[in-house]
There are 2 protein chains.
Amino acid sequence: MPADAHPAVTLEHVARAAGVSRATASRALTGGGPVSTETQRQVRAAARALGYVADPVARALVSGRGARVVVAVVSDCTDVSCWYLARVVTAGAQVLTPEGLGIGVVPVPRQRPAGVLDALARDRTIGGLVLLNTTREVLAELPRGLVGRTVSIGVGSATVPAVDVDGAAAARRRVEHLVRSGRRRIAMITGPSWLPCTHRPVAAYRAAVQAAGLPVRVVPGGFCAADGAAGAATLLARWPDIDAIVASCDEVAFGALSTLRRSGRRVPGDVAVAGFDDVPAAELTDLTTTTHPVADIATAAVRTVLDGVRDEQRFFPSELVVRASA
Amino acid sequence: MPADAHPAVTLEHVARAAGVSRATASRALTGGGPVSTETQRQVRAAARALGYVADPVARALVSGRGARVVVAVVSDCTDVSCWYLARVVTAGAQVLTPEGLGIGVVPVPRQRPAGVLDALARDRTIGGLVLLNTTREVLAELPRGLVGRTVSIGVGSATVPAVDVDGAAAARRRVEHLVRSGRRRIAMITGPSWLPCTHRPVAAYRAAVQAAGLPVRVVPGGFCAADGAAGAATLLARWPDIDAIVASCDEVAFGALSTLRRSGRRVPGDVAVAGFDDVPAAELTDLTTTTHPVADIATAAVRTVLDGVRDEQRFFPSELVVRASA
DNA sequence: TTGAAAGCGCTAACAG
DNA sequence: CTGTTAGCGCTTTCAA
């Protein structure tokens, strides 16, 4: 291996430059112990001058808190939320990379999560955990060793902070838009019922249609096009007079659109359709939808684990995007 | 921090179980030194019995070859290939996670890559590099310290192995399909000309149309919808009689479709359009296209860096998917 | 062929 | 408040 230009500046160099021991330098830099303000100032100055960056690998080795953050995807079928997962992982990678860390992905079986969760807790290479599509059961089974370095994208708990999109507002905005444009029999196809973070949009939909004096018409769904197709079929069978559908996500909206087309309904003439996510295909197919700032959410989630925050609940805004379908 | 169930089995345990020293156990497991066949067998057996997995963090610390693989995206504008990048990163993460490793992403400026590349070579936290959208210039500037642990998705070099989709076959298949279905004035909108891996499809297109005795009609493009829209406009201005367009990717096909629609051309009646990638939106919009096995490619790429392969050139097959547009 | 010993860069006990 | 002393788990000289 040829000699590389600058053989990397270590804590030793910083300590020497500041005229202190390695231990003191470490304390000054990490804030993990008593240091005089003056010493801290000097050490920090030396570190900055030398362009010092702590080696996360060494840090991980000694502290037992690994050099990577892992996204744990709770799900039955792994690639349900392929697009969603990919965006979360990529955004997370972008945050972690400059910190010298990496990101990983691991599937967690919804029914018996304990095995995987315990293995994760025991794995010394893991620094933090991002739970995706989690349930209260999974949250309850979270090993204590993971508390304090786990964040949930979705629903949280007393010990696990959560970040998510403001799905309630997204549902409300779509209903209000539909009401404004004259729709009166607005139905909803929900997300998977086992996923707690999908309950808020449903509640918001209920509240919004009732506030407008309109009937509540809900059918259970999921996140796939097939769920949307089936959901729309159920809706048409049960309430043939519906004039609008609010879908749990764009994919479901696409499925609903195909059912509507096949049944001879015109969109938006007979039935308006509104999705959620604003995936690239939504623009191409002129689907009215609401945005899902996945990158912002993933960024915040990773920052939260890195900072070791224990209680927080953040919701990111979702904007209405009006196109041809509603 | 509470005591976790099984405090992880280390090399020490394996060595003791096999009745040898840590050093010998290490040699037996890594193959990094002389060991008797018998000892090796015993150590390996002990390791398997105990479920030993070497801690990549510790290994990274001592060897200086970090605990993560980084995807270096060469590009002018970062999110050009957002969908593509996201799939590569996610697939890579899935391969690396079980190995105890993580994945990262870093942008590399196409014009002056040296700075970033040198920093990467110096970074002890990096185990391997996956180059995305790379050029021969970047390949030439690759620091020696990175050789042997770098792979390119796209074009390779004498020292950098490459994996990619068989873009030539993808172009040929589309042209042949168009010829079979009676098209006679088949044009192509290319990818970005600075990207060498886009040259093969163009050459394949040329060869295929010429083999059919048809005229070559090429305009430069890129990978965005805007490039497709502009490319189609140029095509229509220069050769108003074209009856088919082969696009560098689906996104470009979508852009071309919008231009065709605006110009009053009917698809596929007047002009057929075929894309490349088979993104989810392609199915929704009934776009004829060819597949791009990104996950397979990324998986192979990561495996290649992990194995330290130095010369290899693998092309993954691309299948024609016939839909309504061609 | 093997073992003992050194050390990767860092943090965390424990004295001072 | 600070320095000294131990390691984290592994690979890799160097002797034996």
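Lettering of chains follows the sequences in order, A, B, ..., and the numbering in each one begins at 1. Keep in mind the model is a prediction, meaning the values are calculated, not measured.
With 3.5 Å as the limit, one finds no donor-acceptor pair spanning the side chains of A:Thr135 and A:Arg110. For A:Arg136 and A:Ser157, the side-chain atoms include no donor-acceptor pair closer than 3.5 Å.
Rounded to whole Å, the distance from CG on A:Leu61 to C1' on D:dG9 is 6 Å. To the nearest angstrom, C1' of D:dG9 lies 14 Å from CG of A:Asp123. Here D:dT12 presents its C1' atom at 13 Å from CZ of B:Arg59, a figure rounded to the nearest Å. The distance between atom CD of B:Gln42 and atom C1' of C:dT2, rounded to the nearest whole Å, is 13 Å. Between B:Arg16 atom CZ and C:dG3 atom C1' there is a gap of 15 Å when expressed in whole angstrom units. Atoms CD (A:Glu38) and C1' (D:dT2) sit 14 Å apart, rounded to a whole Å. Atom CG in A:Leu101 sits roughly 14 Å away from atom P in C:dC10 (whole-Å rounding). The interatomic distance linking A:Glu12 (CD) with C:dG7 (C1') rounds to 13 Å, in whole Å.
For residues 22-50 of chain B, every residue pair satisfying the salt bridge (charged side-chain N to carboxylate O under 4.0 Å, His left out) rule, not counting sequence neighbours, is listed here: B:Glu12-B:Arg22, B:Glu38-B:Arg41.
You'll find the ring centres of A:His292 and A:Phe316 outside the 6.0 Å limit.
Among the protein residues, A:Ala60 comes within range of no part of the nucleic acid, since none of its heavy atoms lies under 4.0 Å from any strand. Base contact: B:Ser26 has a heavy atom under 4.0 Å from a base atom.
Of the possible donor and acceptor atoms, one in the side chain of A:Thr97 sits under 3.5 Å from a partner among the backbone N and O of A:Ala93. At least one donor-acceptor pair closer than 3.5 Å links the side chain of A:Arg149 to the backbone N or O of A:Ile126.
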Do any N or O atoms of the protein come closer than 3.5 Å to N or O atoms of nucleotides 3-7 of chain D, and which pairs are they?
| unit_1 | atom_1 | unit_2 | atom_2 | d |
| --- | --- | --- | --- | --- |
| D:dG3 | OP2 | A:Ser21 | N | 3.1 |
| D:dG3 | OP2 | A:Ser21 | OG | 3.3 |
| D:dG3 | OP2 | A:Thr24 | OG1 | 2.6 |
| D:dG3 | N7 | A:Arg27 | NH2 | 2.8 |
| D:dG3 | O6 | A:Arg27 | NH1 | 3.1 |
| D:dA6 | N6 | A:Arg22 | NH2 | 3.4 |

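Using a 4.5 Å cut-off on side-chain heavy atoms (C-beta onward), A:Val70 and A:Val105 make no contact. Annotation: side chain of B:Phe315 is in contact with side chain of B:Arg200 (closest heavy-atom distance under 4.5 Å).
B:Arg68 and B:Asp123 are joined by a salt bridge, as a carboxylate oxygen and a charged side-chain nitrogen come within less than 4.0 angstrom of each other.
Side-chain nitrogen and oxygen atoms of A:Ser36 include at least one within less than 4.0 Å of the OP1 or OP2 phosphate oxygen of D:dT2. Side-chain nitrogen and oxygen atoms of A:Thr39 include at least one within less than 4.0 Å of the OP1 or OP2 phosphate oxygen of D:dT2.
The overall bend of the helix from C:dT1-D:dA16 to C:dG16-D:dC1, read as the angle between its terminal helix axes built from five base pairs each, is 40° when rounded to 10 degrees.
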